[in-house]
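When a ligand or atom number is given, it counts from 1 through the structure's own listing order.
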Amino acid sequence: MSKKILLSGVKPTGRPHIGNYFGAMKQFADLQNDYECYFMIADYHALNHIQNANDMKENIFGVALDYLAIGLDPEKVTIFKQSDVSAHTELAWMFDSITTMPYLMRAHAFKDAEAKNKEISVGTFNYPMLMAADILLYDTDVVPVGQDQKQHIEITRDTAEKFNHTFGADVFKLPNPLIVEGVATVPGIDGQKMSKSYNNTIPLFATDEEIEKQVMSIVTDSSGGRPENVYAIHKLFRAEAELASLYEEKKGKYKDLKEALIEDIKAFIAPLRARREALAADPSAVERILVDGAARANIRASAKLADAKRAIGVL
Ligand code: AMP
Ligand code: TRP
């Protein structure tokens with residue numbers, strides 16, 4: 001029996017943080033043997049933020065390294081750049097044509113930008129259509145993501161149904177999100193959702209100094225009990241049963257608890273960081289993985305795009 005299909009993506013917009021890792025990327029590595037996997041570097045999605053060629057290049061290489069450093073095995077999974085598979089943008093155009101503006105105006109990302117009176121790009125407005133294409137081109141069954149992407153998967157399902165219904169053809173399969181409870185929204189050092197834009201992150205490949213600085217900056221209240229923001233991050237790295245005795249013993253001693261957390265994070269990150277550094281030393285090996293991944297992704301994507309073209313009557 002052939003395996004079910006898993007696809008996910010990360011935007012090359014800078015360094016990943018432990019929220020990206022526990023919320024999504026860890027699942028990529030954990031599930032790579034159970035599914036036929038496609039892991040994308042969503043460079044065209046990142047173009048809405050990254051508008052400098054050198055930064056884009058560096059960030060793309062960075063996500064490829066991140067994927068490999070967390071243990072994705074390019075022999076087993078397909079790692080590719082979105083821009084290498086032109087079917088994504090072509091299919092997104094078809095979706096644009098069957099989707100209304102009021103429907104897309106209900107997207108959280110759009111509403112948040114509106115609320116902040118930001119002038120958003122057409123690409124940002126359209127973001128969910130490209131993401132729907134990313135997913136639907138591969139007959140994807142599951143999409144491991146953090147909670148913030150849930151609505152995008154719902155839009156993807158709606159779009160698949162709309163297309164199938166409009167053209168009376170069963171072209172697209174409806175995917176399901178895979179959102180892991182407990183890590184769906186990892187909090188940052190201020191207790192809000194961990195996010196690059198809130199400046200509250202602990203980078204996944206942080207140096208020891210960065211780990212110390214960020215943990216020491218975790219916001220604590222002075223209620224005397226358990227420092228919740230410290231604990232919420234600590235439980236990502238150590239079982240809660242083990243933490244119970246530590247937090248009881250060190251009750252109210254926030255500095256000691258932060259130091260314990262620092263040690264746990266350092267022990268976790270050090271081998272990942274070393275692996276990433278080793279991989280970075282051979283850029284041509286990374287390049288070969290992406291070329292190979294693009295070839296594999298293109299086979300599947302172009303077949304599905306042809307189905308869609310036939311359904312709409314251009315082929
Ligand atoms: P991005 O870097 O925006 O492409 O995000 C990569 C993945 O990380 C997506 O699946 C997000 O849902 C997930 N993610 C981002 N921030 C968090 C967070 N604070 N907690 C859990 N998952 C997150
Ligand atoms: N929108 C996702 C994010 O911001 C990245 C992404 C792009 C993605 N295309 C995707 C995730 C397809 C899953 C599937 O994190």
Side-chain angles (χ1 to χ4, degrees), residues 5-29 31 35 37-50 59-60 62-63 66-67 70 78-83 85 87-89 91-92 95 107-110 112 123-124 126-157 159-160 175-205 229 232-233 235-236 297 301:
I5 295 175
L6 179 153
L7 177 141
S8 196
V10 171
K11 281 180 299 191
T13 48
R15 298 167 80 193
H17 51 69
I18 61 169
N20 300 127
Y21 179 73
F22 288 101
M25 294 165 82
K26 180 174 186 293
Q27 282 63 260
F28 301 178
L31 297 170
Y35 292 86
C37 294
Y38 294 86
F39 298 111
M40 191 180 68
I41 302 172
D43 50 1
Y44 275 156
H45 274 126
L47 184 59
N48 288 304
H49 314 277
I50 307 295
N59 289 345
I60 289 170
V63 176
D66 299 339
Y67 278 166
I70 62 164
T78 299
I79 297 176
F80 72 103
K81 252 159 62 187
Q82 186 180 36
S83 63
V85 185
H88 291 239
T89 43
L91 182 60
F95 292 161
H108 299 315
F110 175 74
D112 291 350
T124 300
N126 238 7
Y127 188 106
M129 297 290 95
L130 181 57
M131 182 155 162
D134 297 338
I135 296 168
L136 298 175
L137 276 172
Y138 298 84
D139 281 337
T140 303
D141 294 291
V142 291
V143 188
V145 282
Q147 178 69 26
D148 59 4
Q149 297 300 311
K150 189 165 185 246
Q151 193 192 33
H152 287 148
I153 314 294
E154 284 159 7
I155 295 174
T156 300
R157 291 172 61 92
T159 306
N176 285 301
L178 191 145
I179 297 170
V180 178
E181 215 186 307
V183 288
T185 306
V186 171
I189 59 171
D190 56 358
Q192 290 189 83
K193 176 193 157 187
M194 186 174 288
S195 167
K196 223 169 307 172
S197 47
Y198 299 155
N199 234 334
N200 63 357
T201 70
I202 298 175
L204 177 57
F205 299 98
N229 292 339
I233 296 175
K235 72 182 166 68
L236 301 168

Trainee: On a heavy-atom basis, which atom in V145 and which in S8 lie closest, and how many Å separate them?
Mentor: CG1-OG, 3.9 Å

Trainee: Tell me whether D134 has any N or O atom under 3.5 angstrom from an N or O of ligand 2.
Mentor: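 Indeed, backbone or side chain, D134 has an N or O that close.
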
Trainee: Is the ring centre of Y138 less than 6.0 Å from the ring centre of Y35?
Mentor: no

Trainee: Main chain of A297, side chain of T78: is a donor-acceptor contact present, judged purely on distance under 3.5 Å?
Mentor: no

Trainee: Just which atoms of ligand 1 are under 4.0 Å from any heavy atom in H17?
Mentor: 16 (N)

Trainee: Check for a donor-acceptor pair, side chain of N200 on one end and backbone N or O of I189 on the other, with a separation under 3.5 Å.
Mentor: no

Trainee: May I ask you to check whether Y127 has an N/O atom sitting below 3.5 Å from an N/O atom of ligand 2?
Mentor: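 Yes; at least one N/O pair falls below 3.5 Å.
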
Trainee: Kindly give the heavy-atom pair with the smallest separation between F28 and P144, and that separation in Å.
Mentor: CE2-O, 3.5 Å

Trainee: What pair of heavy atoms forms the shortest contact from V85 to A301, and how long is it?
Mentor: CG1-CB, 3.5 Å

Trainee: Would you say G23 and ligand 1 have an N/O pair spaced under 3.5 Å apart?
Mentor: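 Checking ligand 1 against G23, no N or O pair falls under 3.5 Å apart.
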
Trainee: Would a distance-only check, ignoring hydrogens and angles, find a side-chain to backbone donor-acceptor pair under 3.5 Å from Q82 to Y44?
Mentor: yes

Trainee: What's the shortest heavy-atom distance between L236 and F22, and which atoms?
Mentor: O-CE2, 3.5 Å

Trainee: Between Q151 (side chain) and H108 (backbone), is there a donor-acceptor pair under 3.5 Å?
Mentor: yes

Trainee: Among protein heavy atoms, which lies nearest atom 5 (O) of ligand 1, and at what distance?
Mentor: N20 ND2, 3.5 Å

Trainee: Looking at ligand 1, does G188 have a heavy atom less than 4.0 Å from it?
Mentor: no

Trainee: Is F205 atom CZ crowded by more than 12 heavy atoms from other residues, nucleotides or ligands, each under 6.0 Å away?
Mentor: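 Enclosed: over 12 neighbouring heavy atoms sit under 6.0 Å from CZ of F205.
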
Trainee: For atom 4 (O) of ligand 1, grab the closest protein heavy atom and report residue, atom and distance to one decimal in Å.
Mentor: K11 N, 2.9 Å

Trainee: Give a yes or no on whether the backbone of L130 and the side-chain of H88 come within a donor-acceptor separation of less than 3.5 Å.
Mentor: no

Trainee: Number the atoms of ligand 1 from 1 as they appear, then name those within less than 4.0 Å of a heavy atom of Q149, with their elements.
Mentor: 12 (O)

Trainee: Please state which part of K11 comes within less than 4.0 Å of ligand 2, counting heavy atoms only: side chain, backbone, both or neither.
Mentor: side chain

Trainee: Return a yes/no value for K196: is any of its N or O atoms, backbone included, closer than 3.5 angstrom to an N or O of ligand 1?
Mentor: no

Trainee: Record the part of D148 in heavy-atom contact with ligand 2 below 4.0 Å; permitted values are side chain, backbone, both and neither.
Mentor: neither

Trainee: What atoms in ligand 2 come closer than 4.0 Å to a heavy atom of V143?
Mentor: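 Listed by number with element, the hits are 13 (C), 14 (C).
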
Trainee: Would one find an N or O of G19, backbone or side chain, under 3.5 Å from an N or O of ligand 1?
Mentor: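 Yes: some nitrogen or oxygen of G19 is under 3.5 Å from one in ligand 1.
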
Trainee: Taking the ring of Y198 and the ring of H17, is the distance between their centroids below 6.0 Å?
Mentor: no

Trainee: I need the atoms of ligand 2 closer than 4.0 Å to a non-hydrogen atom of A42, numbered in the order shown.
Mentor: 7 (C)

Trainee: Nearest heavy atom to atom 11 (C) of ligand 1: which of I179, T185, D148, V145 does it belong to?
Mentor: D148

Trainee: Which residue and non-hydrogen atom of the protein lie closest to atom 18 (C) of ligand 1, and at what distance in Å?
Mentor: V186 N, 3.6 Å

Trainee: Which of the atoms in ligand 1, numbered in the order shown and given with their element, are less than 4.0 Å from a heavy-atom of V183?
Mentor: 21 (C)

Trainee: Is T13 in polar range of ligand 1, meaning some N or O pair under 3.5 Å apart?
Mentor: no

Trainee: Could you check atom 7 (C) of ligand 2 against the protein and tell me its nearest heavy-atom contact, residue, atom and distance included?
Mentor: H45 ND1, 3.2 Å

Trainee: Give the minimum heavy-atom separation between L136 and P175, together with the two atoms involved.
Mentor: CD2-CD, 4.0 Å

Trainee: Near K196 NZ, under 6.0 Å, is it more than 12 heavy atoms from other residues, nucleotides or ligands?
Mentor: yes

Trainee: Please could you name the atoms of ligand 2 that L7 approaches to less than 4.0 Å, counting only its heavy atoms?
Mentor: 12 (C), 14 (C)

Trainee: Under a heavy-atom criterion of less than 4.0 Å, does M40 contact ligand 2?
Mentor: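 Judged by the 4.0 Å heavy-atom criterion, M40 does count as contacting ligand 2.
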
Trainee: Look only at interatomic distance and state if M194 has a nitrogen or oxygen under 3.5 Å from any nitrogen or oxygen of ligand 1.
Mentor: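 For ligand 1, there is an N or O atom that lies under 3.5 Å from one belonging to M194.
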
Trainee: Could you tell me whether S8 approaches ligand 2 through its side chain, its backbone, both or neither, with non-hydrogen atoms closer than 4.0 Å?
Mentor: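 For S8, backbone and side-chain atoms both sit under 4.0 Å from ligand 2.
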
Trainee: Write down the atom of P187, the atom of A232, and the distance for their closest heavy-atom approach.
Mentor: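 Heavy atoms only, the tightest pair is CG-CB, 3.7 Å.
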
Trainee: Got the closest protein heavy atom to atom 10 (O) of ligand 1, with its distance?
Mentor: G146 N, 3.2 Å

Trainee: Starting from atom 2 (C) of ligand 2, find the nearest protein heavy-atom neighbour and note its residue, name and distance.
Mentor: Q149 OE1, 3.3 Å

Trainee: Which atoms of ligand 1 are found less than 4.0 Å from any heavy atom of A184?
Mentor: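 Result: 20 (N), 21 (C), 22 (N).
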
